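Labels below follow one simple rule: chain letters A, B, ... track the order of the sequence lines, proteins then strands, and each chain is numbered from 1. Every value quoted in this text rests on a predicted model; they were computed, and no experiment measured them.
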Amino acid sequence: MNETLGIIMAGNNSLELGEITKPRPVGAVPVASRYRIVDFMLSNMVNSGIERVGIPTQTHYRSLMDHLGSGGAWDLNRKRHGLVVLPPYMGGGGEAQGDLDVLNSILDYVKNSNRRYVLITGCDMIFNTTFDDMLEAHKRNKADITVMYHNMPDCSELVHHVGLKTDETDRIVDIEIDPIRAFSSQISMGIYLMEREFLEYHLNRCLSRGLHDFAKDILLREKDRLRIFGYEYKGYVGRVYNIASYYSCNMDMLKPEITGELFDGKEPVFTKVKDQVPTIYGEEANVKNSMVADGCIINGTVENCIIFRGVQIEEGTTIKNSIIMQNSLIQAGVTLNHAILDKSVIVRKNKTLIGQENYPVVVGKNTVV
Amino acid sequence: MYSIECVAMLLAGGQGSRLGALTKEIAKPAVPFGGKYRIIDFPLSNCANSGIYTVGVLTQYRPLELNTYIGSGQPWDMDRLHGGAFVLPPYVKGKTGEWYKGTANAIYQNIPFIEQFNPEYVLVLSGDHIYKMDYRRMLNAHKEKGADVTIAVFNVPMEDASRYGIMSADENGKIYDFAEKPEHPKSNQASMGVYIFSWEILRKYLIADEENPASSKDFGKDVIPAMLGDGLNMYAYAFEGYWKDVGTVYSLWESNMDLLGKVPLLNLYDDRWRIYSRNDGLPGHYVSPNAEIKNSSVTEGCKIYGKVEHSVLYSGAVVEEGATVTNSIVFPYSVVKKGAVVDRAIIANHCEIGENAVIGSDEPNIPWVKDKMCTHGITLIADKVKIGANVRVGREMMIEQDILGGGCDE
């Protein structure tokens, strides 16, 4: 798919993720013990053979730039093409009102890519695929736009969603955006494939008429005039849109059938390498049903947890159903249940933090409890 | 001319024959170590952490895996515009091409490589040891003393001294005697095989040594004694800390065990001195609801359903339900199947230990042929070997071929 330009919209600091997106955009949110959410989309693109990826950012993008660096970890530090993080461009139109403004602000980059196709995505999803079959379908259908969707019988929890209805050829015949009651279980994944020149034309057409939103102003308005097709993704999709979904996506990593699909298949998931030491389990360690990254020292009881890199868990602690991010320190005698600890949190001796399954306690980055 | 102050030459051509089946297809420096590393990661990371980014890696024995592993040198931050990591195999020169005949000859053959960087100093290392050392400090000592040669030394127990090259130095560290594996050692300062030479001097001696037909072209046996004989300024640089030659099956096992314990002898938890390695990009390891792990080191990609105690598991190793791994090291991507028992063993890469099989058994059901390289009760299973269900492999055996059945007690 090297004739395709990948554009990953880094997104805003989603309000729904609260403390977790205070210091970072959604794409830079840590998941699954050693990854950031953007790793999955970026790896999917690289594994599809896409060699040129742009990531337009809006706010708080330092954390994301820090993670992506020059793109070497994804094999994208190239002379030709490669990875570029595109900081917000504030000249002209002021703050972006919609995704079309963001795309317009990188129009030169899009044009200069000289690729035939453009794949536009978000970075709030955990899944492992390649886009080759989608491109095949796009060509076969002679589509103007192909939208990747998945089947989600219950989408009532989704904060925003685009529901689709397709005919037997997978052509999209109806669309609803954020309906109160879902009208379809076919939910767009916000992944759009089209020709670059088509995008350039419609960007110009929309913005000159004061329209700003891809889904509303292109998909919905033009669904009858354009050939817009769906492409169903049938595998596992973890969508992160609020604290509860962030929690459950992480807990999905304790299901071997899901981690098998994500990590044991043909296509690897790339991430920044930190060269941490393997994790050491002490004499007092009692770990069950957990995913643990490297660089940890574990001496306590840990059950149903996701433990990120460099976490230290001292003697006499009991940690259950929790997510502990990088470099946090849990001192002796602490009890945690249903807690999410952001990076570099210290929980002092004998403290207790207990949340509820549908409402975990979230402790912000660098907090001392 | 662009010049680099200090170029490192890493001798990585050794076979490591006392590691038996582990070095059948790879050179010793490529042998896995410590969960996610290979032996060569230690000297390479030491170089990177010491700010030495120009490293020639001299290969000879089975270099292919090592070549791929080092690649552009990127994992050690050695993908540089000037300098970087270079794999240097022996090469043909007109009609006179030849193998590296000894450690000194290997550097001699690469004089043109070194000259390209116009260095003042050359650091000679071996790819056989596990240690964390700041070569910059050694280089500073070399400069301060105005030395021609500085040799890193390590205090070994007096009773072991006759296994090493032993230096005798005065109170200023000036070396006045050197003996390779002496019967009656005069000191317990062993050479670590880490040398800093002022390049002009080394160059002269390498050329002279090459012309000497009686020389065996070895640093310890020929070049160092010749320099000492000529009264050069040679200083010992005392290294304190962990240093181990992992040249035997037992020492490799023991050195891995040194990573464990409340206060491990070999502590790699050091943010200022990370050991870098090429990363397989695997997710965090998974511990199942019935697993039990104590006093062990576990890394990315492992899946643990059984019991693991006092062991080191490498990337992607799997211990299935009801299996027990104790006092052992399990190399990358090996699988210990349901109900199997592994004790005091080294399981090499991509092995499969069948259901209810026993590795390290006192009551084997296959002919118990101990291998002289497997000492101290260590059993070694070579790369890609499959051990069938219910087979019991006796202690101190070295298994190089699949044993799929033939247990003689059914």
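B:P283 has its side chain within reach of A:M291: a pair of non-hydrogen atoms, C-beta onward, lies under 4.5 Å apart. Side-chain contact between B:V308 and A:Y281 is absent, with no heavy-atom pair separated by less than 4.5 Å. The closest side-chain heavy-atom distance from B:Q74 to A:V273 is not below 4.5 Å.
Ranked by heavy-atom pairs under 4.5 Å with chain B, the first of A:A293, A:A285, A:S33 is A:A285. Chosen from A:T279, A:I307, A:D264, the residue pairing most often with chain B at heavy-atom distances under 4.5 Å is A:T279. Between chain A and the options B:S296, B:G281, B:G301, B:S297, heavy-atom pairs under 4.5 Å are most frequent for B:S296. Contact count versus chain A (heavy atoms, under 4.5 Å) is highest, among B:Y276, B:Y314, B:Y269, for B:Y269. Comparing B:E309, B:K303, B:E292 by heavy-atom pairs within less than 4.5 Å of chain A, the highest count is held by B:K303.
Between B:Y286 and A:L254, the shortest heavy-atom distance links the atoms OH-O, 3.7 Å. Pairing each heavy atom of A:P278 with each of B:G35, the nearest pair is CG-CA, 4.1 Å. Taking each heavy atom of B:K294 and A:E283 in turn, the nearest pair found is CD-O, 3.1 Å. The two residues A:Y35 and B:L282 have their closest heavy-atom pair at OH-C, 3.5 Å. Here the closest heavy-atom approach between residue A:D275 and residue B:R274 is recorded as O-CD, 3.5 Å. Listed here is the closest heavy atom pair of B:L268 and A:V277: O-CG2, 3.1 Å.
The neighbour count for A:K365 NZ, taken as heavy atoms of other residues, nucleotides or ligands under 6.0 Å away, is above 12. The number of heavy atoms from other shown groups lying within 6.0 Å of NZ (A:K349) does not exceed 12. No more than 12 heavy atoms of other residues, nucleotides or ligands sit less than 6.0 Å from atom NZ of B:K338. Within 6.0 Å of CZ on B:R136 lie more than 12 heavy atoms contributed by other residues, nucleotides or ligands. With a 6.0 Å radius and a threshold of 12 heavy atoms from other residues, nucleotides or ligands, A:E257 has its CD atom above the threshold. More than 12 heavy atoms of other shown residues, nucleotides or ligands fall within 6.0 angstrom of atom CD in A:E315.
Put simply, CD on B:E300 and CD on A:Q276 are 9.0 Å apart, with the number rounded to the nearest 0.5 Å. Taking CG of A:N327 as the start and CG of B:D271 as the end, the distance is 7.5 Å to the nearest 0.5 Å.
A donor-acceptor contact shorter than 3.5 Å links the side chain of A:K288 to the backbone of B:A291. Distance alone, capped at 3.5 Å, places no donor-acceptor pair between the B:K262 side chain and the A:G282 backbone.
Contact of B:L313 with chain A is not made at all, since no heavy-atom distance falls under 4.5 Å.
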